[in-house]
Amino acid sequence: MERVAVLDFETTGLSPQQGDRPTELAVTLVEDGRIVDRFQSLMNPQRRIPAFVTRLTGITDAMVAAAPPVGEVMAEAARFVGTLPVVAHNAAFDRKFWVHELQRLGLPASSPFACTMLLARRLYPECGSHRLGALAQALQLPPCGRAHRAMADAEMAGHLWSRIGADVASRFGVAPPGHALLRRLQATPRAQLQRCFAA
DNA sequence: TGCCAGGCCCTCTTTAGGGCCTT
């Protein structure tokens with residue numbers, strides 16, 4: 001499979017439009033089913049992290065106080081990702097923070113995003129939950145450490161992306177599918193999947 | 001403590017409502 005950048009944000013909340021900002025970003029570069037490179041950094045959001053988010057992620061105000069500012073980390077991450085296509089779990093969430101922060105810096109943010117959650121809903125409807133951790137358990141993906149930390153989740157999503165590619169290749173009898181084909185698949189109603197690959 | 005937003009998907013739908021998923 002082609003090289004992609006799988007990313008995961010930890011943030012102060014759900015909406016950059018409401019003032020929420022990233023506290024941590026991890027990126028794994030995945031190629032042919034393997035993680036070939038990694039980027040990770042905490043960042044200082046310059047606002048308090050809600051208590052329930054700290055309970056969820058383990059990331060505290062003290063941890064990010066000593067971290068570089070968001071803009072510095074995002075610029076470095078953008079260089080690391082370059083022109084690679086991007087993958088994330090529930091990509092709509094990560095994409096809005098990626099675009100919002102890069103636009104603040106005046107940097108381009110036009111990378112296409114593929115979503116492992118939308119793909120998993122189509123490919124694994126028998127899974128009761130399509131949360132990242134539940135999918136990793138159901139599909140017996142390799143263990144990745146503490147959930148809800150950026151690198152663990154980026155690695156987990158990378159393994160899920162590789163598994164999805166392998167399953168699409170075997171289920172539909174196609175060569176290892178690329179990012180563009182899987183983006184087309186994630187936007188195709190389940191009942192039309194066979195037609196998608198026959199095209 | 002649990003909410004915030006927003007896109008997707010399913011159904012008791014389609015001129016809508018509610019659950020899932022991300023932090």
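- Annotation for A:Thr28 and A:Arg38: closest pair CG2-CG, 4.2 Å, computed over non-hydrogen atoms.
- In the set B:dT23, B:dT22, B:dT1, the nucleotide with an atom closest to the side chain of A:Thr11 is B:dT23.
- As a whole-Å value, the separation of A:Arg131 CZ from B:dT22 P is 6 Å.
- Base contact: A:Leu14 has a heavy atom under 4.0 Å from a base atom.
- Nucleotide B:dT22 holds its P atom 11 Å from the CG atom of A:Leu160, rounded to whole Å.
- When heavy atoms are screened at a 4.0 angstrom cut-off, A:Asp20 is found touching no nucleic acid atom at all.
- Between A:Lys96 and A:His130, the residue whose closest nucleotide on DNA chain B is further toward the 5' end is A:Lys96.
- A:Pro112 and A:Arg183 make their closest contact through CB-NH1, 3.2 Å (heavy atoms, listed as atom of the first residue, atom of the second, distance).
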Pair A:Arg21-A:His100, side-chain contact (heavy atoms from CB on, under 4.5 Å): steps then yes or no: CA-CA 9 Å; A:Arg21 300 202 75 193; A:His100 189 263; over 6 Å; no
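- Here, B:dT13 and B:dG18 have their P atoms 13 Å apart, quoted to the whole Å.
- Here the nucleotide nearest the side chain of A:His89, chosen from B:dC21, B:dT23, B:dC8, is B:dC21.
- When heavy atoms are screened at a 4.0 angstrom cut-off, A:Gln17 is found touching no nucleic acid atom at all.
- Nearest nucleotide to the A:Asp153 side chain, out of B:dA5, B:dT23, B:dT22: B:dT23.
- In terms of hydrophobic clustering, with Ile, Leu, Val, Met, Phe, Trp and Tyr side chains grouped at heavy-atom distances under 4.5 Å, A:Val86 and A:Leu160 are assigned to different clusters.
- Straight-line distance from the CD atom of A:Glu24 to the P atom of B:dT22: 16 Å, rounded to whole Å.
- As a whole-Å value, the separation of A:Gln186 CD from B:dG7 P is 15 Å.
- Other residues, nucleotides and ligands contribute more than 12 heavy atoms inside 6.0 Å of the CZ atom of A:Arg47.
- Using a 4.0 Å cut-off, some side-chain N or O of A:Gln18 falls inside it from OP1 or OP2 of B:dA5.
- The distance from atom CE of A:Met117 to atom P of B:dG6 is 16 Å, rounded to the nearest whole Å.
- The interatomic distance linking A:Leu119 (CG) with B:dC21 (P) rounds to 15 Å, in whole Å.
- Judged by distance alone, with hydrogens and angles left aside, A:Arg121 brings a side-chain donor or acceptor within reach of the base of B:dC20, the pair sitting under 3.5 Å.
- A:Asp20 and A:Thr12 share a side-chain donor-acceptor pair at under 3.5 Å.
- One interatomic measurement links the two molecules: CG of A:Asp8 to P of B:dC21, which rounds to 16 Å at whole-angstrom precision.
- Look at A:Arg79 and A:Glu76 and you find no salt bridge, because none of the NZ, NE, NH1 or NH2 atoms lies under 4.0 Å from a carboxylate O.
- Taking atom P in both B:dC12 and B:dC20, the straight-line distance is 16 Å, to the nearest Å.
- At the phosphate of B:dC21, OP1 or OP2 sits under 4.0 Å from a side-chain N or O atom of A:Ser129.
- Looking at heavy-atom distances under 4.0 Å, A:Thr57 makes contact with sugar-phosphate atoms alone, never a base.
- Along DNA chain B, the nucleotide nearest A:Leu118 and the nucleotide nearest A:Thr12 are compared for position; the residue whose nucleotide lies closer to the 5' end is A:Leu118.
- In this structure, the CZ atom of A:Phe97 is 11 Å from the P atom of B:dG6, given to the nearest Å.
- At a threshold of 4.0 angstrom between heavy atoms, the contacts of A:Phe9 are confined to the sugar-phosphate backbone, with no base atom among them.
- When distances run from any side-chain atom of A:Ser15 to the nucleotides B:dC8, B:dG6, B:dA5, the shortest one goes to B:dA5.
- Taking 4.0 angstrom as the limit, A:Arg95 places none of its side-chain polar atoms (N or O) nearer than this to OP1 or OP2 of B:dG7.
- Separating the P atom of B:dC8 from that of B:dG2 is a span of 29 Å, rounded to the nearest Å.
- One P atom belongs to B:dT1, the other to B:dG7, and the distance between them is 30 Å to the nearest Å.
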